Structures are given as C-alpha cells and as structure tokens.
There are 2 protein chains.
Amino acid sequence: MTSALNATAASLLGFLHHGPMSGWDLAATAETVIGDFWSLTRSQVYRELASMADAGLVEAGERGRRDRQPYAITAAGRAAFAEWIDREPGSETIRFPLLLTVSFGRHLPPERLAAFLSAHRAAHEQRLAGYEQQRSLAEASGGADGYAMATLDFGLAYERAVLGWFDRLPELMPGG
Amino acid sequence: MTSALNATAASLLGFLHHGPMSGWDLAATAETVIGDFWSLTRSQVYRELASMADAGLVEAGERGRRDRQPYAITAAGRAAFAEWIDREPGSETIRFPLLLTVSFGRHLPPERLAAFLSAHRAAHEQRLAGYEQQRSLAEASGGADGYAMATLDFGLAYERAVLGWFDRLPELMPGG
DNA sequence: TAGAACATGTAACGGGTTACATGATTTG
DNA sequence: CAAATCATGTAACCCGTTACATGTTCTA
C-alpha cells in the first residue's frame, strides 16, 4: 500500500471517474465544482498528475490538439480513491485575514477599517449573488445533483451568515 | 524596506504591542485570540521570532525562569506592523474536507456518509457551545472589547450557519 | 518523587503560491 | 496577421505541519 493520498490529488481522481481529462480541464473542473471550499492551482494539478502517473494511479494517453495531454484513472487509482473517500474527513480550516485586521482594529483609523469592511462586504454580496444564480440554473435545468446542491447550499448559508455579520458589526464595534 | 510580513508574523507583532512575551505565551495567546480564524503552531512561532529577530523587528531579552526567552517589539517592528495592518486584507480561504466528501458522495455508501456528517455535526455543536460560553463570560465581566466581540460574533454566526446546513441536508441529498 | 505542565528549539517534509517560459490554435 | 485563449510545464520560495529531542518547575 502506497502512502495516503492528499485531498487535492484524490479530488482529481474523483473527477477522472467521469473519463479521461487533461490537466487544464481538471483545473477548470475543480475550480467550478469544488473551488468554493477547496482551492487548487494549475501548478498543483500538473504536479499531482505527474506524481500519480509515477505511482500508477493515472495513465497519460496520446497527446491531442494543442499538445493536450489526457490522463485516465487506472484500477489502482480507483482503489486509492475509494480508500481515501472512506476515511474520516478532517475538520475545516478557515484563514480569514479580514478577521485579523478586525482583531487588531485598535491599530487602525476607524475609517480605514470601515473601508476594508465595506469592500469585503461587497465581494461577499457578489459571491452570494453568484451562488443564487447557480441555484436558479440548477433548479431550472431540473437535473438536480443532490450532492452538488448540498455543497451549493453550504455556500449560500455561509455567505448569508457573513453578510449578517457585516450588518451587525456597527453595533459590536467601537466607533461603528 | 524589507519584504512584506506574512500575516502570522504580523499577528505576533500585534500581540507584542502589549509588552514582551515568550514564544510559548505568544502561541497560547494566538490560539485563544485568533485561533478560530487563523491557525498557527508553536514551531512557526519560534521560527518567525527567530527570523524577525534577524530582521530587527523584535529583540530577545534576558532569559528568565525555565529558560523562558522573552521578545520585545522594536521601533522597526512597530513600523512593519503598522504597514502590514494598513494593507487591504486578502479574501479568506476555506478548506473543508467534509464538503469534498459530500461532493464525491456518490462514491460512498449512504450510511458511511451519514456517519461522517453526524460526527462533524456534533463537533460543530460543541464549538458553538464554546463560543456561547465565551460570550457569556465576556458579557458577565462587562469589559467588552468590541474588536474581540466582533470576531467572536463571526464564530457564532458561522457555527449557526453550519448547523443550519446540517439540518437541511436530509432534504437536499439523495437517500437523506 | 513521579508525573504533569511549562518551555525551547531543530529537522524534514509536503504542499500551496507565484513567477516564468514556451508554444498551439482560434477568432476578429 | 495580431491578439486572445488554450495548454503544458518548471523553478523557487514560503510556510504549515509533524515528529523529535531536551531540559525545568510545579504539584499531588
């Protein structure tokens, strides 16, 4: 048994269950499907694909147009994925720079802090709008994938909670 | 001008504004004050202190009991911190392994997924209870630090949103 | 006096991020 | 034909995490 997969590599294997894909496509798929709660870069994708190919979990196919290099999952890859997803998922990590800024807010002029907050609030409003649009589209097209709806609903709940927090801030903070 | 501080190092400088502290105390303070939205380990603390001492942002004092090594912030350190906190904070990153598991839920027997979910739900209930207790204590002791209340309120809102999501899951997911 | 808690640190690894370099194909 | 987009990759750095090693002081 080889050493355990990391979640990023495992996710790529997850996507490859649908059929062979190139690094570019995998990166794009990951961005749209899991990007809201699991970030990864193209660089990582190519690195993980290379290392999984070494380990026999994926196999490179013939290069196509634009030097496009498709990878297919192998039997060993399926086994490794199955092992990975059967393990207790770890708890989430959140790294929220804005909260650090708030936490050390006494070191900042109130207007400056307020400017940061309103910029971030706007960004979260946009993210919420994006999620709502996604949900509308999913509902309209009818073919509701329950698992995707579940993660989308998390995004909606999260963004609403964040916006609610922004709204309460003036009462909570000095000089609000 | 030296290269920009990372948020972890900057936070240590933030704490050192209250007076000299040892690595141990800084790690403990960080865990309680910003630990809910910014994780760091003791290892990092000692590494950042060493590198900030090299850069002249902190100064090691005389060793005390138990080989305790206090660090004090320097004028350059205050300047670096001021510069750091005046910059637009980046957007948050969330890495939520459970959502990956849900996202790839079709590859898992429903009972297994349900077990993961209920374990995580329990953990979040406990975190919410912890935050509520913190708030009670803060309110009882009267001396409400608005900035701390603001970050605590975020934690409360986040955990409530997560629990709400868990509650809606059965309706969203296949075999719920 | 034994064990818990305090305290400091090093070494190594894994992986996330950024920057850079290169070329193919499509589209205006 | 120029610009945009698609596509692959390498190199280097930073930093988060884990494991290990060592010694001190308090307290039951």
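Both backbone and side-chain heavy atoms feed into the values below; hydrogens, waters and symmetry mates do not. Quantities reported herein were computed from a predicted structural model and do not represent experimental measurements. Within every chain, numbering begins at 1; the chains are lettered A, B, ... in the order of the sequence lines, protein sequences first and strands thereafter.
As a whole-Å value, the separation of Gln69(B) CD from dT24(D) P is 16 Å. Put simply, CG on Asp67(B) is 12 Å from P on dT10(C), counting in whole angstrom units. Here the P atom of nucleotide dA7(D) and the CG atom of Leu26(A) are 12 Å apart, to the nearest Å. Rounded to whole Å, the distance from CG on Leu49(A) to P on dA7(D) is 14 Å. Put simply, CD on Glu48(B) is 8 Å from C1' on dC15(D), counting in whole angstrom units. Put simply, CZ on Arg42(B) is 12 Å from C1' on dA21(D), counting in whole angstrom units. For the pair Glu31(B) CD and dT17(D) P, the computed distance is 11 Å after rounding to whole Å. Going from atom CG of Leu40(A) over to atom P of dT18(C) covers 13 Å, rounded to whole Å.
Side-chain N or O atoms of Trp165(B) include none that pairs as donor or acceptor with a backbone N or O of Tyr158(A) at under 3.5 Å. Side chain of Arg95(B) to main chain of Phe37(A): no donor-acceptor pair is present (N/O by atom type, distance under 3.5 Å, no hydrogens or angles). Judged by distance alone, the side chain of Gln69(A) and the main-chain N or O of Glu62(A) form no donor-acceptor pair under 3.5 Å.
Leu49(A) and Phe81(A) fall within a single hydrophobic cluster, where Ile, Leu, Val, Met, Phe, Trp and Tyr side chains are chained together by heavy-atom contacts under 4.5 Å.
On a pure distance criterion of 3.5 Å, a polar donor-acceptor pair joins the side chain of Ser43(B) and the base of dT10(C). Judged by atom type and distance alone, Ser22(A) does not reach the base of dT8(D) through any side-chain donor-acceptor pair under 3.5 Å.
Toward the 5' end of DNA chain C, the nearer of the two residues Ala50(B) and Thr41(A), judged by each one's closest nucleotide, is Ala50(B).
Looking at Arg135(A), Arg127(A), Arg121(A) one by one, the single match for salt bridge (Lys or Arg N to Asp or Glu O under 4.0 Å) with Glu159(A) turns out to be Arg127(A).
Between the side chains of His120(B) and Glu88(A), at least one donor N or O lies within less than 3.5 Å of an accepting N or O. Residues Ser11(A) and Trp38(A) bring no donor and acceptor atom of their side chains to less than 3.5 Å of each other.
For Arg47(B), whose side chain is taken as the heavy atoms from C-beta onward, the closest listed nucleotide among dT18(D), dA12(C), dT8(D) is dA12(C).
For the contact set between residues 5-14 of chain B and DNA chain D, defined by any heavy atom under 4.0 Å, the members are Asn6(B), Thr8(B).
An OP1 or OP2 oxygen of dT8(D) is reached within less than 4.0 angstrom by a side-chain nitrogen or oxygen of Tyr46(A). Between Arg95(B) and the phosphate of dT17(D), there is no side-chain N or O to OP1/OP2 separation shorter than 4.0 Å.
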